[in-house]
Amino acid sequence: MAQIFTPLPDKPDHDSLELEILAIWEREGTFEKLRDLNRSGPTFSFVDGPVTANKGLAVHTAWGRTLKDVFQRYKALQGFAQRYQNGFDCQGLWIEVGVERELGLNSKREIEEYGLAEFARKCREKVIWSATELTRGSKRLGQWMDWGNDYFTFSDTNIEYIWRFLKLMFERGQLYKGHRSTEWCPRCGTSISQHELSQSGVYQDKTDPSLFVRLPLRDRPGEALVVWTTTPWTLPANVAAAVKPDAEYILQENGEWVARARALEATAVKTARGEELVGLEYDGPFDHLSAVEGTEHRVIPWDDVTLDEGTGIVHIAPGCGGEDFELSKVNNLRILQPVDDSGRFYDDYGWLHGLTTVEAADQITADLGERGRLVSAEQIVHRYPHCWRCDTPLIFRITDDWFLSVEKLRQPLLDANATVEWTPAYMGKRMDDWLRNMGDWNISRRRYYGLPLPIYECSCGHVTVVGSKLELSERAVSGLEQLEELRRPWIDAVPIRCETCSEMVSRIPEVGDVWLDAGIVPFATLGWESPAWIKGGYATGASRGVSTADLPDHAYWERWFPADWVSEMREQIRLWFYSQLFMSVALTGRAPFRRVLGYEKMLDESGREMHGSWGNMIDAEDAFTRMGADVMRWQYCAQPPNQNLLFGFGPAHEIKRKLLTLWNSCKFLVDYANIEGWEPAWEDLAGGPSGELDPLDHWLISRTNALVAEAATAYESWLTVDVVKAYEAFVDDVSNWYIRRSRRRFWDGDETALRTLWYSLVQGLRVVAPLMPFFTDHLWRGLTAPCVGAPESIHLAGWPEVREPDSALLAEIDELRRVVELGRQARATAGIKLRQPLRALVVDGAPLASSHVDEIAEELRVEEVSFGQVDASELRVKPNLPVLGPKLGRELGAVRAALEAGKFEELPAGGFRAAGYELSSEEVLVERRGKEGWAVAASDGVTVALDLHLDEGLLLRGRVYDLIHAVNTMRKEAGLELTDRIRLTLSEADTDLLEHADWIARETLAVSVDASGDDPRIERV
RNA sequence: GGGCGAUUAGCUCAGUCGGUUAGAGCGCCGCUCUGAUAAGGCGGAGGCCCCUGGUUCGAGUCCAGGAUCGCCCA
C-alpha cells in the first residue's frame, strides 16, 4: 500500500539530512524564490560587519553568523525585503602576519626585500582563499546571503570613500600629526597595541642590567642625584629626574641624593622634601653627544614616584617610556628619540650609532664607569614584555602618527548613541563609557597591506590630503600608468606637486587602521552621495573579479541607511561599532544603526578559552559532521547574550536529545497517519483543524497559538534564547501531554486527533525555522508533502498567523497537570505503582481542574475523583505573611510561633484564633496532611489525597495491567509490528484473569485468549 | 588606579515587588511508565545563597564596608 507520508527513521542523522536539504535549496532556488517573494515588502536593513578574511570558518564566527542568519530569516518570514550582502575585511596586520609566516619572512626588512608588489599579491591571494573558505563554511551552516555579491574592503571604492572622509576631517582641522608613545618590537619594526600586550606569554622573565647612575647637580658642586634604571640604552635620552614632592630626600656623606626611604641606614648631611629639589638642573649622562647638545636637564615633581625600588629619584626619558612621555607634556620637556624603527641608534648619537639597544647596554655601562658616573652595576631578573610574534624584548618609542581629533565629535557621538537600542543594555553603557573617555583616534600604521593614507606632507610644511582617485590623477606628477590598485607599492610611485612650493611630494608611507576600512562600510556599500548607480562599481581595485557588487546611487543609501539592526561580539563596541559610529556622525550627524545585538565570548564546555595548542579547539567542519549545523545553531541560540557561551559536544548531545523528542512526535504522527491512511489538508493550517474537537484538541491549538505569540515577542526583543525556551516547553507539552493523553485516539484512528497534532507540529516548526533551517524544512517537507497547495519549503511559508490563545483553557490544563503531578508524587511516596488501580482521589484547592475529572482518573488510574476538602488527621496553619506582616508588625512572631506549635482554634467562618488574634481565612494558609490509609501530597495550595485501600477487584485489575504490560513487552521483544495480531496463551494460574479476556485481547491485539499454558505465550497470526 | 558586572547544589545557571519549604538542567543513586520515544515521569542525596554590619515583623533579594573573580579603561 502506498504510504501517505514517508516514514521517518528512529533517529535523525543531522549531517546527511542537512546536506540533502542544501542540495534541494540549490536545486529549487529556494533563497532566490524567497527574495522574489519579499522584493516589494517593507525594508529590513541589516549591515554585515566584515569578517577578517585570513582563515576558514571557526565555531566562534559561526555563532555570530547564526544570529545574523536567524534574524534575517525571521524578518524574511514576515515579508521584509532585505539586502543580504556579506562582507570581508581584507587588509591589515592579521592578514600580513599570516602571509609573512607562510612565506617564512621574519621582519619588515625581509618583506621589503621580498618585494611589496609580490607581497601585496600574496595577501590578496590569502584573502581570496579565506573568503572562499568562509563562504563554503557559512553555506554549510545554513546562512543565506547573497554570496558572490560580497563587499571586500580592499576595493578601491571603499578606499576612495575613506579618502573622502579623511579629506573632510582634514579640512575641518580634525586630522593632525601628533606623537604617540608605544611599546615597539624592533624586529617586527612595529608598535604593539595594548591588546597584543595582554595576550598570555607576552610578559616573561628577563635578565637586565641594574644601574645606579650619578647625575651631578649644576649649582651644587659635589652633590649629585642618583637614579636607577634597567634600560641603559634610554640614558642618552634622559632629560629629567623625577622626585616625589612629599617624600623626604637626604644628601649622604658621599655627596649622593636619594630618598630617605631608600637609605634608612645612611647618615644624612642634608635633608630636603622632594618639592624643594624641583627645578634644580643637573648634567645629563651623555651631554656630549650631538643629539643631546643644548638639552636642559632638571628635576621635576611626580606623585607616582615609587619608594619601593631604585633611589626614589626616577630617570625620565620621554622618548623611551609611556609615563615619561606623559610627563614631558605636563613639564614641557624635550623628547629625545634615540633609536629607529629597528631599535638601532641614530647617527647623531656619536659612537652609539648603529648599535641595537641590547648591544649598546654594555658600552654605555662601561662608558659611565670610565667617567665616574656609575654608582653600581648589577643584574636583575624581572618581568618584561616580549613580542607575541617573535619573542623579541619590546622597547618604548615615540612615533609620529596621524590622529583624528574626537573633541568636537564627543558630544554628538554620545547623542547619536543615545538613539541606539542596545541588547543587552549594558553594552550601550559600555559604549557611552568608551565615548566619554577615549582619546584621539590614531589612524596610522607602519605596515604594507592596508589602506594607503592619502596624506602628502611637503618639506615646506604644507600638507595635502587627497580625497579621490580623480583628484590624485589630476595632481599626480608621474606614475599613474603603473597604478593597478590604490595600494602600496604602486600608490607610492605617484608623487604630487605641492600647491605652496611646487616641490614634488610623496605620500607618507603609513597605511590606515583597519577599522577605517570597516567603519566606512555603511557609506561605501550603500552608495552615499553617489550620483549614479554603477554596475560592479564597488568591485574595483583588488576586489575586481572576486565580487559583483555594485556601487548603488544615493537614493539607495537613503532607503537602507541607517541599518535597522547590526550584531557582533562585544569587543566590537570600541572597534567596528565605534568606527562606524564615528565616521557616520562625522559625515551625517546620525548613528549608522538603530539597534544592536551584542554577545559575549565563546569558551569550551568546561569554561576555558579555546586554544589551538590546548587541543580544545573545535573545528567547524568537525562540528558540522558530528553535531550538525542545526544543533550548533540551537546551541548558539539557546545562549543568553550577556553570558559567555560554553560550547561543546556535551551540550550538543543534550540538545540532540531534546530534538529527538520533537522528532519522535513527528514520527508518531507519521506512523499512525500511515496506518490510518489519513491525509492532511493545507487549509487546516490557515483556518485551524476542522472537525469535532475534543477539549484536549482545543487546548493544543491554544497552546500552539500561545507559542507563536511568545516566539514573536522573543524575536522582536532579539532574544533567541527566549524562542528556544518557549519552543522546548511547547515540545514537552505536545509530547508529554497531548500525545500521551491522546494515544488511544490515535490507535483508534481518530482523524481529529491526527489533524490537530499535525496542525500543531507544523505550526511549531514554522516558529523555529529561522533557528534550525534544515531540520524544520526536512520535517516540513515530510509533513506537508501530501498537501495540495503547500509551499515547497518552510522558508517560503511565511510567519504563522497569530491567533489569540484561550488563556483560560491554558490555565485550566496547567492546573490539571499540577494535580496529576501531585497524584503521581503521592503514588510514588506510598510505593504503589501506576499499574495498580486505586479507588479514590480527593483534590483540594484546584478548582480549575474540576472539569477534567475523567482525565485525572485515567492518568492516575483511580476509579473516582472528587473535589472538596481533604479530611486529614493533621491540620497545619501558617500565617499569610504578605498580609499579616504589615498588619501585625512585631506581634507576627508570637502568632507565627503559636500556629507552628498547633496552639490555635478553628473559627466557624474558616478563620483561626491564635496568640490572642483572630485571623481571617485570607490571613492564613491551611494545609491538611497525613490521612490514615491515604497518601497525601501538597504544593502551592493544592492538596491531593489518594485512597490506598485495595479490594479484590482492584487487585485483580492490577494483575491484568501487569499482564498486558508483560505481553506488550513480549510483542516488542518478538519484533512484532504495531498492527500484528496474536494468539495469547496465559498460564493456568491466571485463569481468573479470563474474566477480563476482552479487555486483555483489545490491549494486546489478541484474536484469542486462553489459559492453558505454563507461562504466558504469544503467537503471531 | 578608575568604571562596570559577578559570587546561590559537584558543574552550568534561574530566583519577579523583600514574604512561607531557595529552584532548573546536567551528573550521581533508587523507583517507575511505555501500543512514538536510546526518550519520558517520580523520588533521593547534595546549600555558610562569599564575608561582616545595617534597615525591616521578615533579607539570597535593599543599604554600607570588605574579600575574590571577570571584563573595560588608564
Side-chain angles (χ1 to χ4, degrees), chain A residues 8 10-11 194-195 198 304 322-323 326 424 426-427 429-434 436-439 570-571 573-574 600-601 603 605-607 638-640 642-646 650-651 653-654 656-672 675 725 728 732 735-737 739-740 743-744 746-747 757 820-829 831-835 859 861 876 878-896 899-900 924-925 927 937-941 961 964-965 967-969 971-972 976-980 1002-1005:
Chain A
L8 295 174
D10 288 343
K11 237 169 110 173
Q194 287 299 313
H195 178 251
S198 62
D304 290 348
E323 291 167 321
E326 292 307 314
Y426 68 82
M427 292 195 188
K429 262 171 67 183
R430 207 20 95 69
M431 175 63 102
D432 273 342
D433 286 350
W434 168 250
R436 268 192 294 267
N437 297 316
M438 77 208 161
R570 197 210 36 207
E571 68 181 28
I573 289 170
R574 62 189 184 86
E600 291 288 338
K601 221 166 36 170
L603 303 171
E605 60 187 276
S606 61
Q639 181 60 29
N642 61 335
Q643 285 165 16
N644 292 336
L645 165 57
L646 273 49
H653 180 70
E654 229 176 280
K656 279 192 179 177
R657 259 179 27 198
K658 285 178 188 160
L659 295 183
L660 189 60
T661 305
L662 169 63
W663 181 266
N664 282 325
S665 301
C666 294
K667 181 172 161 53
F668 180 88
L669 173 77
V670 164
D671 287 349
Y672 280 96
I675 291 171
K725 280 185 188 157
E728 285 180 353
D732 184 69
S735 167
N736 287 322
W737 190 252
I739 295 182
R740 183 190 154 74
R743 267 186 304 225
R744 206 159 288 269
F746 288 99
W747 304 341
L757 180 59
V820 170
E821 219 165 84
L822 283 172
R824 287 206 196 105
Q825 208 175 311
R827 266 185 175 273
T829 323
I832 299 194
K833 58 188 174 187
L834 207 48
R835 283 204 293 272
E859 276 292 308
R861 203 156 283 165
R876 287 188 59 120
K878 284 194 267 183
N880 189 359
L881 291 176
V883 180
L884 277 183
K887 183 177 168 188
L888 295 182
R890 275 181 195 290
E891 294 304 310
L892 181 65
V895 173
R896 196 174 189 174
L899 288 174
E900 192 142 349
V924 291
L925 299 170
E927 238 175 55
S939 97
D940 297 325
Y961 279 114
I964 292 169
H965 170 63
V967 171
N968 281 329
T969 307
R971 284 183 61 108
K972 203 170 190 173
L976 298 193
E977 294 291 322
L978 293 185
T979 46
D980 285 342
R1002 196 167 62 240
E1003 295 294 321
T1004 60
L1005 296 190

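All heavy atoms count here, side chains included; hydrogens, waters and symmetry mates do not. A, B, ... follow the sequence lines: proteins, then strands. Residue 1 opens every chain.
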Nearest heavy atoms of A:G650 and A:E605, plus distance in Å: N-OE2, 3.1 Å
Hey, does A:R827 reach any base, or is it just sugar-phosphate, or nothing, if we go heavy atoms under 4.0 Å? nothing
Write down the distance separating the P atoms in B:G70 and B:U8, rounded off to the nearest Å. 15 Å
For B:C26, take OP1 and OP2 only and decide whether either is under 4.0 Å from a side-chain N or O of A:R657. yes
If we take the C1' atom in both B:C33 and B:G41, what is their distance in whole Å? 7 Å
Upstream residue (5' side of RNA chain B) when A:V883 and A:N968 are each assigned their closest nucleotide: A:V883
Does A:R861 reach a base, just sugar-phosphate, or nothing at all? Heavy atoms under 4.0 Å. nothing
Nucleotide of B:A36, B:G3, B:G5 approaching A:K429 most closely (side-chain heavy atoms): B:G5
Sugar-phosphate, base or nothing in reach of A:P651, heavy atoms under 4.0 Å: nothing
So, are A:R436 and A:D433 salt-bridged, with charged N and O less than 4.0 Å apart? yes
Looking for any heavy atom pair under 4.0 Å, which part of the strands does A:I739 touch: base, sugar-phosphate only, or nothing? base
A:L892 has a side chain; which of B:A36, B:C57, B:C71 sits nearest to it? B:C57
What's the separation between atom CZ in A:R827 and atom CG in A:L834, rounded to the nearest 0.5 Å? 5.0 Å
Touch check for A:R744, heavy atoms < 4.0 angstrom, all strands: base, sugar-phosphate only, or nothing? nothing
On the side chain of A:S735, is there an atom forming a donor-acceptor pair with the base of B:A36 - under 3.5 Å, no angle test? yes
Contact under 4.0 Å: A:R890 side-chain N or O vs B:C57 OP1/OP2: yes
P-based separation of B:G40 from B:C26 [nearest Å]: 7 Å
Could you check whether A:P640 gets within reach of a base, just the sugar-phosphate, or nothing at all, counting any heavy atom under 4.0 Å? nothing
State whether the side chain of A:N644 and the backbone N or O of A:E600 hold a donor-acceptor pair below 3.5 Å, judged by distance alone. no
Residue mapping more 5' on RNA chain B - nearest nucleotide basis, A:R835 or A:Q643: A:Q643
Nearest-neighbour nucleotide for the A:L660 side chain, B:G19, B:A38, B:A36 considered: B:A38
Which whole number of Å gives the distance between the P atom of B:C48 and that of B:U52? 13 Å
Separation of the C1' atoms in B:U16 and B:C72, to the nearest angstrom: 30 Å
Applying a 4.0 Å non-hydrogen cut-off, can you work out what A:W663 is touching in the nucleic acid: base, sugar-phosphate, or nothing? nothing
Should A:R574 be listed as having a side-chain N or O under 4.0 Å from OP1 or OP2 of B:C73? yes
What is the nucleic acid contact for A:E600, judged by heavy atoms within less than 4.0 Å: base, sugar-phosphate only, or nothing? nothing
Dot-bracket for RNA chain B, 5' to 3', with Watson-Crick and G-U pairs under 3.5 Å, [ ] for crossing pairs and | for other-strand pairs: what is it? (((((((..((((.....[...)))).(((((.......))))).....(((((..]....)))))))))))).
Taking the P atom of each, how far is B:G58 from B:G18, in whole Å? 16 Å
How far, in whole Å, is B:U61 from B:U34 if one measures between their P atoms? 47 Å
Should the pair A:F746 and A:Y672 be assigned to parallel (<30°), tilted (30 to 60°) or perpendicular (>60°) ring geometry? tilted
What nucleic acid atoms does A:N642 come within less than 4.0 Å of, heavy atoms only: base, sugar-phosphate, or nothing? nothing
Nearest 0.5 Å, what's the NE2-CD distance between A:H965 and A:E1003? 13.5 Å
Taking the C1' atom in each of B:G10 and B:G46, what is the distance between them to the nearest angstrom? 8 Å
Can you figure out which of B:U34, B:A39, B:U12 approaches the side chain of A:L646 most closely? B:U12
A:K11 near the nucleic acid: base, sugar-phosphate alone, or nothing, with a heavy-atom cut-off under 4.0 Å? base
Taking 5.5 Å and 30° as the limits, would you call A:W747 and the base of B:G35 a stacked pair? yes
Strictly below 4.0 Å: does A:N437 bring a side-chain N or O up to OP1 or OP2 of B:C73? no
